[in-house]
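For reference, the structure is listed below as structure tokens.
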Number of protein chains: 2
Amino acid sequence: MDEAKDSGLTRIQRRNREIILEGALTVFAVNGFRGTTIDQIAAECGLSKPNVLYYFPSKDEIHKTLLTKLLDMWLAPLENIEPEGEALQEVLDYVAAKLRMSREYPRESRLFAYEILRGAPHLTEILGGRLRNTVDDAVAVLRGWTEAGKLRNVDPHHLIFSIWSMTQHYADFEVQVRAVLGEGHDPFSEAEIFLEDMYRRLLTP
Amino acid sequence: MDEAKDSGLTRIQRRNREIILEGALTVFAVNGFRGTTIDQIAAECGLSKPNVLYYFPSKDEIHKTLLTKLLDMWLAPLENIEPEGEALQEVLDYVAAKLRMSREYPRESRLFAYEILRGAPHLTEILGGRLRNTVDDAVAVLRGWTEAGKLRNVDPHHLIFSIWSMTQHYADFEVQVRAVLGEGHDPFSEAEIFLEDMYRRLLTP
DNA sequence: GTCTATATGATGATAGAC
DNA sequence: GTCTATCATCATATAGAC
């Protein structure tokens, strides 16, 4: 998909588009879509404003491109759940993977949070389409495990919501988490232990 | 506090300030601070733009006023945890109260989420002050219960984070929740059952 | 491909009539 | 207290030189 969109571009074009997306992600993740100006993006990546708009037709387009690229990464762990695997461990692995993504890609998490908060105007088709399908598949797998007695019976949709909300919380609400915890804490490491314990307890039959 | 700030104002002044705050909350909750214009607020509450700015000196001030008022309501359930109460039930009641607030006051939840996401410039002192103190008190109560063998031993800070993130998720990410669930679901009612089960299972010694 | 300069429109805030 | 008119600023996007 990346290659498809970038095909026909020179090396410089590809490179500069990458630089712009990288800088834009940083700024969007802090200020949101409306709070971000092309000036800020240009400053962040060391290009001039018109030059940014030479590589992308508009601020909207930069934002949409970021969201589209983000979603591939975001949904991968859920798509990688292995129906033939050991049920509880598969879920715990998914939780851990999602938490790791929050830690390593907090900008992506915030970009996504901002977009959902404002009603997801740049994601409408995807939410009810690809995202929903992916979740439906995962829900079917979870139901199978439950019926086979490998997992305790809980609502699979809300199980997934709980994983999303708790893992992304540490990226999206980081300011609050750090303010409440004060110094001397590693939020993500503590969360890893807490969440593993929580889901093991919740899902063990 | 409300009365303190409103003292010395005429009935009309109080009334119009209320109307403005009410309309502003609706708009801020959808568009965020930067995404909201005074024009939108004025239109939402049926006043002219200069008239809005007659009652509040600036957009900033409207926003700060809303956040301050919101926090009283937001922290109340946590402050109301009763150390002498039955431990597990107190926690379950808190979860239920927080979920109810998400359902009944989704605008407040989103306003708060937007503010934290952008780094909470209008809440800096409060996060490390009043909020942190309130959480510290609750954590102490939870620790006491754990040591008395009334609750299973889990990290109390992260227990609170989990409650916040999961309950607020249904307000803040409502678009996503509805898109994923499709028709025929009542997200909040389902969440109530899921969360009660989850915390009962997690915290029963 | 990259820049300076600028057109065009939105937006926060104010002046001043009524 | 409320309005119309307006200012000043900022932001998106484009034109056109280099």
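Predicted, not measured: the structure shown is a model, and the values here were computed from it.
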Side-chain atoms of residues 171-183 of chain B: list all donor-acceptor pairs with protein atoms under 3.5 Å, sequence neighbours left out, distances to 0.1 Å.
unit_1	atom_1	unit_2	atom_2	d
D172(B)	OD1	S109(B)	OG	2.7
E174(B)	OE1	R110(B)	NH2	2.9
E174(B)	OE2	R178(B)	NE	2.8
E174(B)	OE2	R178(B)	NH2	3.1

Show the atom names and distances, to 0.1 Å, of all donor-acceptor pairs under 3.5 Å that link a side chain in residues 117-126 of chain A to residues at least two apart or in another chain.
unit_1	atom_1	unit_2	atom_2	d
R118(A)	NE	E115(A)	OE1	2.8
R118(A)	NH2	E115(A)	OE1	3.1
H122(A)	ND1	H63(A)	ND1	2.9
H122(A)	NE2	D60(A)	OD2	2.7

Below 3.5 Å, can you tabulate the donor-acceptor pairs from side chains in residues 80-88 of chain B to any protein atom, sequence neighbours excluded?
unit_1	atom_1	unit_2	atom_2	d
N80(B)	ND2	A76(B)	O	3.4
E82(B)	OE2	E84(B)	N	3.3
E86(B)	OE1	Q89(B)	N	3.4

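T134(B) pairs by the side chain to side chain contact (heavy atoms under 4.5 Å, CB included) definition with L75(B), L78(B), E79(B), R130(B), not counting sequence neighbours. Residues passing the side chain to side chain donor-acceptor pair (under 3.5 Å) test with R103(B), sequence neighbours excluded: D186(B). Under the side chain to side chain donor-acceptor pair (under 3.5 Å) criterion, N16(B) pairs with Y55(B), sequence neighbours left out.
Residues I20(A) and I62(A) approach most closely at CG2-CD1, 4.1 Å, considering heavy atoms.
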**Study point:** Steps toward side-chain hydrogen bond (donor to acceptor under 3.5 Å, both in side chains) verdict (S165(B), Y170(A))
**Key:** CA-CA 9 Å; S165(B) 62; Y170(A) 291 94; over 6 Å; no
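Non-hydrogen atoms lying under 4.0 Å from DNA chain D are contributed by nothing in residues 110-118 of chain B. Shown for residues 50-57 of chain A: residues whose heavy atoms fall under 4.0 angstrom of DNA chain C, namely P50(A), N51(A), Y54(A), Y55(A). In the region residues 27-43 of chain A, proximity to DNA chain D at under 4.0 angstrom, judged on heavy atoms, holds for T36(A), T37(A), I38(A).
The salt bridge (Lys or Arg N to Asp or Glu O under 4.0 Å) analysis of residues 151-171 of chain A, with sequence neighbours excluded, yields the pairs R152(A)-D197(B). Sequence neighbours left out, the pairs with a member in residues 28-53 of chain A that pass salt bridge (Lys or Arg N to Asp or Glu O under 4.0 Å) are D39(A)-K49(A).
Taking the ring axis of W74(B) as reference, the NZ or CZ atom of K69(B) does not stay both within 45° of it and closer than 6.0 Å to the ring centre.
You'll find the ring centres of H185(A) and H157(B) inside the 6.0 Å limit.
A 4.0 Å heavy-atom criterion places the boundary nucleotides of DNA chain D facing chain A at dA11(D) to dT14(D), written 5' to 3'.
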